[in-house]
Amino acid sequence: MLKTDFLVIGSGIAGLSFALLVSQHFRDKSVLIITKSTKSESNTKYAQGGIATVLNKRTDSFDQHIADTLKAGDGLCDPEVVKMVVEEGPKRLRKLIDWGVQFDQNPDGKFNLVLEGGHSQHRILHHKDITGYEIERALLSTVKKKDNIQIIENHFAIDFLTEHQVEKRKLSSGEKSINCFGAYALDINNDQVITIGAKVTMLATGGSGQVYRNTTNPQIATGDGVAMAYRAKVKISEVELIQFHPTSLFQEPKESPSFLISEAVRGFGAILRDRRGNRFMHKYDSREELASRDIVTRAIDTELKASGDQYVYLDCTHLDYGDFMCHFPNITEKCSSLGIDVRKDYIPVVPAAHYICGGINIDKNGLTSIKQLYTCGECSRTGLHGANRLASNSLLEALVYSYNSYVAIKESFQYIPETPPLPEWDDSGTQINREEILITHDRQQVSDIMSDYVGIVRSNERLARAANRLDNIYQENKKFFKKTRLTRSLCELQNLITMAYLITRFSIERMENKGSFFNKDLT
Ligand code: FAD
Ligand code: SIN
């Protein structure tokens, strides 16, 4: 049994920035971060392009960033949230810089602001093409200096502690006054479950790209937070709005995660071509390669389905190689390691699952429908992204909402009651699984079903088949979960099945095509 004032689940940008803010204000309170892998492993670490914010008021304005976000979101953004996040952006960026994050600068000392798809202005701050790596480096090094923050790696959050466990009663959806008292976590080193009591729980578990076969998200992105929230009857929405990035590197044999060729490469002037070398984006949008992601992704998907090819090309051969190398050293090196010389060879690319626009519903303070349970970052649904996240708005959202949650908690912390006595995890009647193949096989089946039937283009028939097949897998595993001792792989399978079910169910319920969501029977 562990006890802490603040339990933070996840060590990406959302969790770490929240932990730093509360640790600085509540100096006599304890902050415990648990994370399921090593501390830097997260979607954040792989972020390439950067963070969008309005810093140059001569060429850019809040109004333009707001308009671009709303346009990409295709009518499903919450305009008040968009305004709040965009206007708060520059202050949050300054804080990130105070924490030690270094962004590339021009020779005149001003930040080097670049362009990405869907943006009408150069407004992306970046650290070469490894912005996320730099963010994790700086935040973890600042966290290390804080006496009241402890990080424990290889601890996997399983379920929240609520009245369901404490009073041993069934909760119903929409029930008022459910409280969160912390969480159970699996110590992956020895497969033992520990109980963590906390006054405030911040869920920052990131994305769920691993529900698909081809994704830019690392292995940790299995939708754990959303699945936990769903089990605890927290309100969830818009998880059917999955963003596929247009340009992940096509490789044979496939690599997981798929290596990303940043949108900033198209912002730099790279051109898409089909396998015969012809440009095609003009057929789909007047902004061509710089249209928003949903449009570029569907255009590539349409071209691939028509031609039967496995990939299209990204052509960088006309770009200044010196400048390209300087901005994209990581991408250049990766291509070169595969024998692709970007000066003369085209880069083979294909869309890949990248980001979940929906998630756990939160208010402007990051509060969920359960008391003392906050979320921020990719696992949350704030209303910023609508049906299609504008490039580089995700890291920004995580920063703004971790701050908003901190401000709200500053006001309310003194009124939070003491945590009640908490029951230990009950694993009586369970046995160690001797057949890991049952788990790996089902995990693969889930991602195959999702990729084949709930991908970039959906249809009523495909969704019905997915729902049916997922239901079979769910029914088969229901008993298996009850009788089997927990391991990381078992917990992840359970969460992936839940995510797949939710994405499919919400897709069936959506009656209008918007942004990244496309069901061909609705057109
Ligand atoms: P993450 O950074 O994913 O962190 C989640 C943390 O939770 C991890 O530490 C993970 O191990 C932990 N965790 C998960 N489940 C559990 C559990 N059950 N128990 C304990 N710990 C758990 N966005 C931009 O704005 N700009 C970009 O340039 C950009 N580039 C991207 C490039 C790539 C390749 C990818 C994959 C994403 C990119 N994104 C970008 C999106 C952005 O990186 C993410 O949305 C953002 O980093 C999410 O931050 P987060 O803190 O919410 O989650
Ligand atoms: C990229 O660099 O293309 C990713 C940017 C993002 O996901 O916002």
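One is the number of the first residue; the rest follow in order along the sequence. Order of appearance sets the numbers: ligands from 1, and atoms from 1 within every ligand.
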Which option wins on minimum heavy-atom distance to atom 42 (C) of ligand 1: Ala227, Ala47, Ser394?
Ser394
Less than 6.0 angstrom separating the ring centers of Tyr401 and Tyr403, yes or no?
no
Would you mind listing every salt bridge (Lys or Arg N to Asp or Glu O under 4.0 Å) that reaches into residues 191-202, with sequence neighbours excluded?
Lys199-Glu418
Does only the side chain of Leu260 get under 4.0 Å from ligand 1, or the backbone, or both, or neither? Count heavy atoms.
side chain
Measuring centre to centre across the rings, with the benzene-like ring taken for any Trp, is Phe181 within less than 6.0 Å of Phe160?
no
Where is the nearest protein heavy atom to atom 35 (C) of ligand 1: which residue, which atom, and how far?
His354 CE1, 3.4 Å
Which segment of Met228 sits under 4.0 Å of ligand 1 when only heavy atoms are counted:
neither
Decide, yes or no, whether a salt bridge links Arg266 with Glu116 under the criterion of side-chain N to carboxylate O below 4.0 Å.
no
ring-ring contact (aromatic ring centres under 6.0 Å, His included) partners of Tyr184, counting only residues at least two apart
Trp425
Please output the residues near ligand 2 using a strict heavy-atom distance under 4.0 Å, listed in chain and residue-number order.
Gln48, Gly49, His245, Leu260, Ser262, Glu263, Arg293, His354, Arg389, Ala391, Ser392
Which of these, Tyr401, Tyr355, Phe259, Tyr46, has its nearest heavy atom closest to atom 34 (C) of ligand 1?
Tyr46
Can Glu136 and Lys45 be counted as an ion pair, charged N to O under 4.0 angstrom?
no
Counting heavy atoms only, name the option from Asp224, Asn43, Thr35, Asn217 that's nearest to atom 15 (N) of ligand 1.
Asp224
May I have all residue pairs that pass salt bridge (Lys or Arg N to Asp or Glu O under 4.0 Å) and include part of residues 201-210, sequence neighbours excluded?
none
Centroid separation Tyr133 to His127 less than 6.0 Å:
no
Of the choices Gly206, Ala204, Gly15, which has the non-hydrogen atom that lies closest to atom 6 (C) of ligand 1?
Ala204
Logged contact type for Lys36 with ligand 1, heavy-atom cut-off 4.0 Å, is both
Fit a plane to each ring of Phe103 and Phe111, take the angle between them on a 0 to 90° scale, and name the class: parallel (under 30°), tilted (30 to 60°) or perpendicular (over 60°).
perpendicular
Contacting atoms of ligand 1, where contact means under 4.0 angstrom from a heavy atom of Gly377
52 (O)
Counting heavy atoms under 4.0 Å, the part of Ile158 that contacts ligand 1 is neither
Would Lys334 and Glu255 pass as an ion pair if we require N to O under 4.0 Å?
yes
